[in-house]
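These numbers come from the heavy atoms of this one structure, side chains and all, not from hydrogens, waters or symmetry mates.
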Amino acid sequence: VQLQASGGGLVQAGGSLRLSCAISERTGRAYTTGWFRQAPGKEREFVGAINWSRSNTYYADFVKGRFTISRDNYKDPVYLLMNSLKPEDTAIYYCATSRGWGSMRSDDFGSWGQGTQVTVSS
C-alpha cells in the first residue's frame, strides 16, 4: 500500500489547513487510516484515525475538537482538516494505514506516506 500525504504549508496561528492522504490500492482503502505528526526532537504522536466505512473516527486528546478527519467516498483521499492552529502544531504530518481499529500506537500502523510539513507561525 502506498500513501501520499499533501497539503502542508505555512499558516499563521488561528488559521486552517486541510491535509490529504491519497491511498494507492483498493486493499489499503479498506483499512483504518490514521494521521500522526512528528515535531523536531519529539516522538511521533497520534493525531486521529477514520475507519474504512467513514462511520467512525477517534482522536488524540490534544485535538480537542480542532481537527476533523473525513473521507467523502471510499475511493477518495482521507482528509485532515485542522482549524485554530497553534505554533505547537508545527510538525511533519504523516498518514498511515492499519488493519486494526482503535490503536494510537504507530507500531500498529504498517504502511506510511512520506509526510507533509505544517508550520504555524505565531
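Taking 4.5 Å as the limit, every side-chain heavy atom of Glu88 sits out of range of all side-chain heavy atoms of Phe62. Between Thr68 and Tyr59 there is a side-chain heavy-atom pair separated by less than 4.5 Å. Side-chain contact between Arg71 and Ile23 is present, with heavy atoms from C-beta onward closer than 4.5 Å. Annotation: side chain of Met82 is not in contact with side chain of Trp35 (no heavy-atom distance under 4.5 Å). You'll find the side chain of Ser111 reaches within 4.5 Å of the side chain of Leu3, heavy atoms only.
At a threshold of 4.5 Å between side-chain heavy atoms, the hydrophobic network of Ile, Leu, Val, Met, Phe, Trp and Tyr places Leu19 and Trp112 in two separate groups. In terms of hydrophobic clustering, with Ile, Leu, Val, Met, Phe, Trp and Tyr side chains grouped at heavy-atom distances under 4.5 Å, Ile92 and Tyr79 are assigned to different clusters. Tyr58 is not connected to Phe67 by any chain of hydrophobic side-chain contacts under 4.5 Å among Ile, Leu, Val, Met, Phe, Trp and Tyr, and they are in different clusters. Residue Val63 is grouped with residue Ile69 when hydrophobic side chains (ILVMFWY) are merged at heavy-atom distances under 4.5 angstrom, including chains of intermediate members.
Rounding to the nearest 0.5 Å places CD of Gln12 at 9.5 Å from OG of Ser122. Taking OG1 from Thr116 and CZ from Arg37, the interatomic distance works out to 14.0 Å, rounded to the nearest 0.5 Å. Rounded to the nearest 0.5 Å, atoms CD1 (Ile50) and SG (Cys95) are 12.5 Å apart. If you take OG on Ser16 and CZ on Arg66, they are separated by 10.0 Å, rounding to the nearest 0.5 Å. For the atom pair CG (Leu81) and OG (Ser70), the distance works out to 7.5 Å, reported to the nearest 0.5 Å.
The aromatic ring centroids of Tyr94 and Phe109 lie 6.0 Å or more from each other.
A cation-pi geometry, defined here as NZ or CZ lying under 6.0 Å from the six-membered ring centre and within 45° of its normal, does not hold between Arg44 and Phe36.
Applying the salt bridge (Lys or Arg N to Asp or Glu O under 4.0 Å) test to pairs two or more places apart or on separate chains, those with a residue in residues 93-105 are Arg105-Asp107, Arg105-Asp108. Annotation: disulfide (SG to SG under 2.5 Å) contacts involving residues 59-89, sequence neighbours excluded, are absent.
Between the side chain of Ser98 and the backbone N or O of Thr32, no donor-acceptor pair lies under 3.5 Å. A donor-acceptor distance shorter than 3.5 angstrom exists from the side chain of Gln114 to the backbone of Ala5, with no hydrogens or angles considered. Remark: the backbone N or O of Asn51 is not paired with any side-chain donor or acceptor of Asn56 at under 3.5 angstrom.
With Val120 as reference, Asp89 is the one residue of Leu17, Leu10, Asp89 to meet the side-chain contact (heavy atoms from CB on, under 4.5 Å) rule.
Closest approach of Pro77 to Ser20, counting heavy atoms only: CB-CB, 4.4 Å.
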